[in-house]
Amino acid sequence: MKAVQVRKAHELAIQEVDKPQISNPKDVLFKVKRVGICGSDMHIYHGTNPLATLPRVVGHEVAGEVVEIGEEVAGIKVGDHVVIEPIRYCGKCYACRKGRQNVCETLSVFGVHEEGGMREWCVLPENQLHVVDRDIAWEEIVLAEPYTIGAQAVWRGEVEYGDTVLIQGAGPIGICILKMAKLQGASVMITDLSEERLKFAKESGADITVHAGKEDVPRRVEEWTNFEGANVVIDAVCLPMTFEMSFQVVSTAGRIVVLGFDERTAAISQLPITKKEVSVKGSRLQTNQFPKVIKLLNEGKLRQKGLVTHTFSLEDVQEAFNFVERHPEQVRKAIIVFN
Ligand SMILES: NC(=O)c1ccc[n+]([C@@H]2O[C@H](COP(=O)([O-])OP(=O)(O)OC[C@H]3O[C@@H](n4cnc5c(N)ncnc54)[C@H](O)[C@@H]3O)[C@@H](O)[C@H]2O)c1
Ligand SMILES: [Zn+2]
Ligand SMILES: [Zn+2]
């Protein structure tokens with residue numbers, strides 16, 4: 001079978017590899033149908049993801065159809081449409097015991113620490129797969145994983161009905177956060193530097209869009225919230241400057257949610273944190289968000305509506321990576337189609 005492998009930095013190849021087989025009674029064999037290309041796949045391709053070792057079969061946004069199940073698989077049938085939950089964890093460490101398997105001491109992420117889903121067939125244990133209704137298009141369900149990133153950020157921010165939520169950044173992650181925050185009943189302001197991305201954020205449900213390069217974001221937040229500040233600030237730009245701004249615009253008793261991996265320091269004083277009693281929370285991948293997202297997909301409440309802008313066949317995967325690299329302004333989400 002064919003698998004897409006990053007062999008070394010900037011070198012992608014379609015390799016011929018052995019088709020995987022069921023070796024454990026809880027395993028499921030599935031035919032891959034769609035794989036989304038994510039910013040982190042691009043980082044692996046550029047050799048700039050410190051967590052990934054090369055060569056690596058990339059892809060963690062994966063949807064497929066079940067073709068064979070192990071003897072002890074109880075909740076999945078042949079023919080089911082599934083999406084993968086890309087985290088493997090120990091179940092014993094402190095984080096796992098606290099129900100936070102996403103930050104397990106020995107966390108292994110599918111397509112990062114281990115071979116991912118950009119290949120024709122995969123075998124995974126049943127507990128890493130979730131069944132979605134068969135009548136929903138593959139282009140919809142392949143977004144389940146990025147939606148869980150949004151769901152996690154909204155959960156970490158304790159977003160409630162009526163809260164004011166400022167999302168910094170209207171890239172694909174900002175849009176997934178936006179969709180989840182709106183479903184929670186929040187009022188959402190979103191910022192970006194791209195008019196096109198702000199226009200799409202508006203179409204995706206944002207109440208207010210702000211051009212961070214042309215407008216004064218703290219001023220706009222003051223006007224919008226009548227000087228209260230945003231109850232939740234979620235940073236999906238992930239630069240030291242956006243992190244710093246979060247403390248300026250958050251309300252009293254507010255929450256700041258951080259998603260970035262940037263190692264540069266930011267200048268944050270203690271005063272706003274103590275005075276406003278702000279909670280600053282990291283949000284990494286997701287924990288227990290798949291069932292929620294799948295319910296919303298099955299109910300038709302979560303639809304991509306223009307988030308997927310490009311599809312490429314497996315044979316054109318190099319072209320796909322080149323296109324995403326060269327035209328970030330045109331690509332929201334690009335998908336690889338497997339036949
Ligand atoms: N923690 C996690 O689990 C997790 C998961 C996925 C992605 N991420 C991180 O989330 C971030 C966003 O991911 P993405 O795929 O949407 O990236 P992206 O680069 O497509 O989007 C970032 C957006 O921010 C905008 N931007 C840049 N500077 C800005 C500013 N000063 N103010 C407002 N907007 C600004 C850009 O125009 C762009 O549209 C990345 O840093 C990524 O590493 C974290
Ligand atoms: Zn991703
Ligand atoms: Zn663990």
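One-based numbering, in listed order, for ligands and for the atoms of each.
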**Message:** I need the atoms of ligand 1 closer than 4.0 Å to a non-hydrogen atom of R284, numbered in the order shown.
**Reply:** 1 (N), 3 (O)
**Message:** Is there a polar contact between ligand 1 and L285, counting only N or O atoms under 3.5 Å apart?
**Reply:** yes
**Proximal atoms of ligand 1 relative to A212 (non-hydrogen, under 4.0 Å)** = 32 (N), 33 (C)
**Request:** Would you check the N or O atoms of S283, main chain and side chain alike, for any that come under 3.5 Å of an N or O of ligand 1?
**Result:** yes
**Request:** Could you tell me the residue and atom name of the protein heavy atom closest to atom 5 (C) of ligand 1, and the distance to it rounded to 0.1 Å?
**Result:** I149 CG2, 3.7 Å
**Item:** Per-atom contacts, ligand 1 versus R197 - under 4.0 Å to a heavy atom
**Value:** 18 (P), 20 (O), 21 (O), 38 (C), 39 (O)
**Prompt:** Of the choices T191, V237, I177, which has the non-hydrogen atom that lies closest to atom 35 (C) of ligand 1?
**Reply:** V237
**Asked** If you measure from CG on L129 to CZ on F30, what distance do you get to the nearest 0.5 Å?
**Response** 5.5 Å
**Item:** side-chain contact (heavy atoms from CB on, under 4.5 Å) against F227, all qualifying residues, sequence neighbours excluded
**Value:** E222
**Prompt:** Going by distance only, is there an N or O of I173 that falls short of 3.5 Å from an N or O of ligand 1?
**Reply:** yes
**Item:** Test side-chain contact (heavy atoms from CB on, under 4.5 Å) applied to E140 - qualifying residues, sequence neighbours left out
**Value:** I136, A137, R303, Q304
**Message:** I want to check something: taking the side chain as every heavy atom from C-beta on, are D262 and C238 in contact at a cut-off of under 4.5 Å?
**Reply:** no
**Asked** Does any donor atom in the side chain of S246 or Q168 lie under 3.5 Å from an acceptor atom in the other side chain?
**Response** yes
**Asked** What angle, to the nearest 10°, do the atoms OE2 (E61) and NE2 (H60) form about the Zn ion (ligand 2)?
**Response** 100°
**Complete:** Scanning both residues in full, the closest heavy-atom pair of P86 with Q128 reads C-NE2, 4.0 Å
**Message:** Closer than 3.5 angstrom, by distance alone: can the side chain of K333 be matched with the main-chain N or O of H310 as a donor-acceptor pair?
**Reply:** no
**Asked** Should one rank P172, A201, G150 by closest heavy-atom distance to atom 15 (O) of ligand 1, which comes out on top?
**Response** P172
**Request:** For the residue pair V58 and Y45, establish whether any side-chain heavy-atom pair is separated by less than 4.5 Å.
**Result:** no
**Request:** Tell me, please, which residues at least two apart from P328 pass side-chain contact (heavy atoms from CB on, under 4.5 Å).
**Result:** none
**Complete:** Among non-hydrogen protein atoms, atom 12 (C) of ligand 1 lies closest to A236 O, 3.2 Å
**Asked** Is there a nitrogen or oxygen of L259 sitting under 3.5 Å from a nitrogen or oxygen of ligand 1?
**Response** yes
**Message:** For the 3.5 Å polar cut-off, considering only N or O atoms, please tell me whether D192 and ligand 1 meet it.
**Reply:** yes
**Item:** the Zn ion (ligand 3): protein N, O or S atoms that are less than 2.8 Å away, sorted by chain
**Value:** C90 SG, C93 SG, C96 SG, C104 SG
**Message:** As a test of the contact definition, would atom 42 (C) of ligand 1 count as having a protein heavy-atom neighbour under 4.0 Å?
**Reply:** no
**Asked** Atoms of ligand 1 less than 4.0 Å from C238 heavy atoms?
**Response** 10 (O), 11 (C), 41 (O)
**salt bridge (Lys or Arg N to Asp or Glu O under 4.0 Å) between K214 and E195, intermediate numbers included** = CA-CA 10 Å; K214 296 181 184 162; E195 300 285 4; 2.7 Å; yes
**Contact summary for G306 and R332, nearest pair of heavy atoms** = O-NH1, 2.8 Å
